[in-house]
Amino acid sequence: MDRRDIHVLAAGTVLPGPPVDNAELTRRFSMPPVWEEWIDTFVGTRRRHLATDLETGQVRWSLADMGEAAASRALQTAGLRAGDIDLMVLSTASPDLLMPATVNVVADRLGVDGVPTYQLQSGCCGALQALELARTMLSAGGRRTALVVGAESCAKHLDLTVDVAGLPASEQINGVLFGDGAGAVVLGTDPLPGTPVLRGVTQRLVGLGREPGQLVEWFGRADRHTDRQAVREDYKAIEESVPPMACEVLDELLDELDWKETDVDFLLPPQLGGRMTERIVAGLDLPGATEVSLVADIGNTGNAAPWFQLEQALSRMREGDRAVGIAVESSKWIKAGFALEVC
């Protein structure tokens, strides 16, 4: 039996608070001017939005706050209400609580009830894992509309009293790479005029026997005073591994769909950091495709990043256009991608 077409009906996003540029980060953490230059030159991310006020330490936006706002915007754009949702999936690496799952808090605020809800804990590939789950369930029949949310609220874990200069470089880099935000997409089996069809989704774990490229600890009451490093990132391993993994995903998608490189009109590359994304795009070598990247201006927003890119792409795609999105997760090495076509 042929798989039903799944359409991307709308996307919505939200960023918490004003942008925080590198100069402000440098001033706030009393770092030397060379630190700002290092961020600009080595990382290439100019600013990010944070859910926590850097001056007071007050959490201005919870993950649920951002997820609710992004989902509401996506539903409004699609012309749908909470009662139209048959399925909801949220992906994040930074939930508000271990329980209840943030997806159910967001659902409650939206007025979604009586439907399956799922929360996936993952990093940069989580959004595409959620997309694949929603697509599979809609394709199976019996459900018509799914709400897929991706969100991150990493700043709530910042210790504003810490001596940043004394932290290992593998921890410092996390403080400048990431930003907070949320995005949501609405999928449906009933098309709206001009909405793209989800042509393919792929995601695979490829970390057998490999050390994690990123590690984030979870400290409970029993070990909250531990001396273990809270966050570690092996940026050298990421630099070596992520660009070729992105190329592998692109090749796999194009082969699966029987598309040529020249068929791709929009490219949504991994959003690790400004410089890293530039390297990845150069390696993908799709000169005819329009790149959709926001990482230099909003930071790496993890599970929200693909939906920020998709929101921009949807506003620009026209009949016959094709788009490819790619995500790579270094935590235990996962690669993922998706493809869209406006029919």
Side-chain angles (χ1 to χ4, degrees), residues 43 45 63 89-95 118-135 148-154 157 170-171 173-174 176-183 185 200-218 230-253 267-277 279-281 283-284 293-295 298-310 324-339:
V43 179
T45 297
L63 192 81
V89 189
L90 182 146
S91 61
T92 184
S94 52
Y118 300 90
Q119 181 164 307
L120 305 182
Q121 182 176 332
S122 192
C124 295
C125 286
L128 273 59
Q129 293 170 337
L131 184 68
E132 184 174 35
L133 173 60
R135 179 199 189 201
V148 181
V149 182
E152 298 297 355
S153 179
C154 301
H157 298 301
S170 60
E171 189 164 356
I173 196 167
N174 276 269
V176 301
L177 273 176
F178 293 96
D180 297 337
V185 293
V201 185
T202 181
Q203 67 91 17
R204 288 194 289 127
L205 172 69
V206 291
L208 184 64
R210 299 180 64 181
E211 288 296 317
Q214 185 185 43
L215 186 149
V216 180
E217 288 275 8
W218 187 281
V231 179
R232 297 199 301 272
E233 183 148 343
D234 187 344
Y235 205 71
K236 290 188 181 298
I238 292 171
E239 280 188 308
E240 293 173 359
S241 298
V242 170
M245 288 172 69
C247 291
E248 292 166 8
V249 174
L250 176 63
D251 290 343
E252 291 168 13
L253 276 173
L267 171 65
L268 286 58
Q271 301 289 280
L272 282 81
R275 295 288 176 263
M276 178 73 77
T277 295
R279 285 186 53 200
I280 293 169
V281 171
L284 291 172
S293 285
L294 299 89
V295 64
I298 67 172
N300 181 346
T301 55
N303 277 271
W307 308 148
F308 278 101
Q309 294 171 281
L310 184 58
V324 169
I326 298 172
V328 177
E329 181 172 334
S330 61
S331 64
K332 197 63 173 74
W333 307 109
I334 304 170
K335 56 185 182 180
F338 69 98

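The chain is numbered in sequence order, starting from 1.
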Whether the side chain of Trp333 engages the backbone of Glu211 through a donor-acceptor N/O pair (distance < 3.5 Å, no angle test) should be reported. yes
Are side-chain heavy atoms of Leu284 and Cys247 found at a separation under 4.5 Å? yes
Would you find a donor on one side and an acceptor on the other, under 3.5 Å apart, between the side chain of Lys335 and the backbone of Val249? no
Pairwise side-chain contact, Leu268 with Phe338, heavy-atom cut-off 4.5 Å (strictly under): yes
Any residue meeting side-chain contact (heavy atoms from CB on, under 4.5 Å) with Thr277, in chain and number order, not counting sequence neighbours: Pro269, Gln271, Val281, Glu291, Ser293, Val295
Let me see the working for Ile334 and Gln129 under side-chain contact (heavy atoms from CB on, under 4.5 Å), right down to the final yes or no. CA-CA 10 Å; Ile334 304 170; Gln129 293 170 337; 3.9 Å; yes
Is a side-chain donor or acceptor of Asp180 paired with a backbone partner of Cys154 at a separation under 3.5 angstrom? yes
Just by distance, no angles: are the side chains of Ser122 and Glu329 close enough, under 3.5 Å, to form a donor-acceptor pair? yes
How long is the span from the CG atom in Leu272 to the CZ atom in Phe178, to the nearest 0.5 Å? 7.5 Å
Leu177 backbone acceptor or donor facing Thr45 side chain under 3.5 Å: no
Does some side-chain heavy atom of Ile280 sit less than 4.5 Å from a side-chain heavy atom of Ile326? no
So, using salt bridge (Lys or Arg N to Asp or Glu O under 4.0 Å) as the criterion, who are the partners of Glu240 when residues are at least two apart? none
Looking at CD of Glu239 and CE of Met276, how far apart are the two atoms once the value is rounded to the nearest 0.5 Å? 5.0 Å
Apply salt bridge (Lys or Arg N to Asp or Glu O under 4.0 Å) to Glu171 and list each qualifying residue two or more places apart in sequence or on a separate chain. none
Between the side chains of Gln214 and Ser330, is a donor N or O closer than 3.5 angstrom to an acceptor N or O? no
State, with a plain yes or no, whether a side-chain heavy atom of Glu152 is found less than 4.5 Å away from one of Thr92. yes
Which of Ile238, Leu250, Val328 passes side-chain contact (heavy atoms from CB on, under 4.5 Å) with Met245? Answer is Val328
